[in-house]
Number of protein chains: 2
Amino acid sequence: MLDNTDKQLLELIQKDCRLTNAQLAAELNISASSCWRRIKSLEDIGLITGYHASIDRNIAGFAFSAIVHVSLSRQKADTVSTFVNAIRNRPEIMDCYATTGDADYHLRVVVEDINAFNKFLDEFLFPLPGIAHVKSNIVLKDVKQGGHLPFKIVGR
Amino acid sequence: MLDNTDKQLLELIQKDCRLTNAQLAAELNISASSCWRRIKSLEDIGLITGYHASIDRNIAGFAFSAIVHVSLSRQKADTVSTFVNAIRNRPEIMDCYATTGDADYHLRVVVEDINAFNKFLDEFLFPLPGIAHVKSNIVLKDVKQGGHLPFKIVGR
DNA sequence: ACTGAAAGTCGTTGCAT
DNA sequence: ATGCAACGACTTTCAGT
């Protein structure tokens, strides 16, 4: 399905998607049009989902971040979908994962300061239906972000 | 420091950094060269940290993901820096945050399958010096990823 | 600061292998 | 699935306001 050239291509554009098509083609020793078609194909099958600029949240004035563990009371059937939709529409929530373990969901929230976080909890999260338990861990430091998927180049 | 045009610009390129400079300029009602210099300036001050392609991990064959909570025994002074360097160099680790609370670090690990995860724990994480406690929560679903920083456009 | 135009580069398509 | 060639669109620079 993915050959080594695709994997190398994905490695490169994960790290820097502003490499020009010509630069990528040169790096991979293929023609520009072949490279371009590979990228289009990877987009078409949904493997590449988008291209995004990364921003330093501290320089941008978002100095407060927290990992929030949320558990739901699973009584009502649509509690989950209501929750998930609310999460997806709330801009302060950067990522959310449903997990096994003590909490049902792990959220990462980024805001300006502790007041904005308090407001987030009081006005958004706590009032959501079916919230059983919330535990917030304040982020002291972003140690690593945006690691790229480790494609294994076979052979060679 | 950031005016409304900068904020709108950042909103746009967070969502799609392959919008052309000409498209951005048209959207913001400024000239192409002005738009280009704004972007360069935001890169120069370190606010824009990079441009990355996002990849669907499941389609790419990375079907297993976990949130790993790690606590360190803080006896030795350089335990932390050894740990942090190891984390940054390990490709399976997508993100890592130092937090308050029960665990010192929250890691998100993405691998092919449960065997690769077991190998990650046995061969990489457990042998690291100063590891006091590890708790793994398997990711059942990526509910939301790559949310963008919610810049507030003032006025208007 | 911003704009407009010029020059060079790049993306994208069509055709052939 | 690949490479070559050509056109139009784009980025990037520079001079002018």
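Values below: every heavy atom of this structure, side chains too, minus hydrogens, waters and symmetry copies. On a predicted model such as this, the values are computed, not experimentally measured, just so you know. Convention: sequence-line order gives letters A, B, ...; per-chain numbering from 1.
- Side chain of A/R37, nearest nucleotide from D/dT2, C/dG11, C/dC2: D/dT2.
- B/N21 has its CG atom 13 Å from the P atom of C/dC2, to the nearest Å.
- A donor-acceptor pair shorter than 3.5 Å can be found between the side chains of B/Q23 and B/T20.
- Spacing between atom CD of B/Q23 and atom P of C/dG11 amounts to 14 Å, rounded to whole angstrom units.
- Listed nucleotides: D/dT12, C/dG11, D/dG3. Nearest to the side chain of A/S31: D/dG3.
- A distance-only check finds no donor-acceptor pair linking the side chain of A/D78 to the backbone of A/S81 [under 3.5 Å].
- Atoms CG (A/L2) and C1' (D/dA1) sit 15 Å apart, rounded to a whole Å.
- Distance, A/L19 CG to C/dG11 P: 10 Å, rounded to whole Å.
- A/Y97 and B/R108 share a donor-acceptor pair across their side chains, judged by distance under 3.5 Å alone.
- Positionally, the nearest nucleotide of DNA chain C for B/D3 lies more toward the 5' end than for the other of B/R18 and B/D3.
- Between the CD1 atom of A/I39 and the P atom of D/dA1 there is a distance of 15 Å, rounded to whole Å.
- Among the nucleotides C/dG11, C/dT3, D/dC10, the one closest to the side chain of B/T20 is D/dC10.
- Closest to the side chain of A/S33, out of D/dT2, D/dC4, C/dG11, is D/dC4.
- Protein atom CG of A/D44 is 12 Å distant from nucleotide atom P of C/dT12, rounded to whole Å.
- With distances taken from any side-chain atom of B/I30 to the nucleotides C/dT3, D/dT2, D/dT11, the minimum falls on C/dT3.
- Here B/R38 lies in heavy-atom contact (under 4.0 Å) with sugar-phosphate atoms only.
- Here the shortest heavy-atom pairing between B/F62 and B/E112 reads CE2-OE2, 3.8 Å.
- Under the 30°/60° scheme for interplanar angles, the aromatic rings of B/F83 and B/Y105 are found to be tilted.
- Closest approach to the B/W36 side chain among C/dT3, C/dC2, D/dT11 is made by D/dT11 (side chain taken as heavy atoms from C-beta onward).
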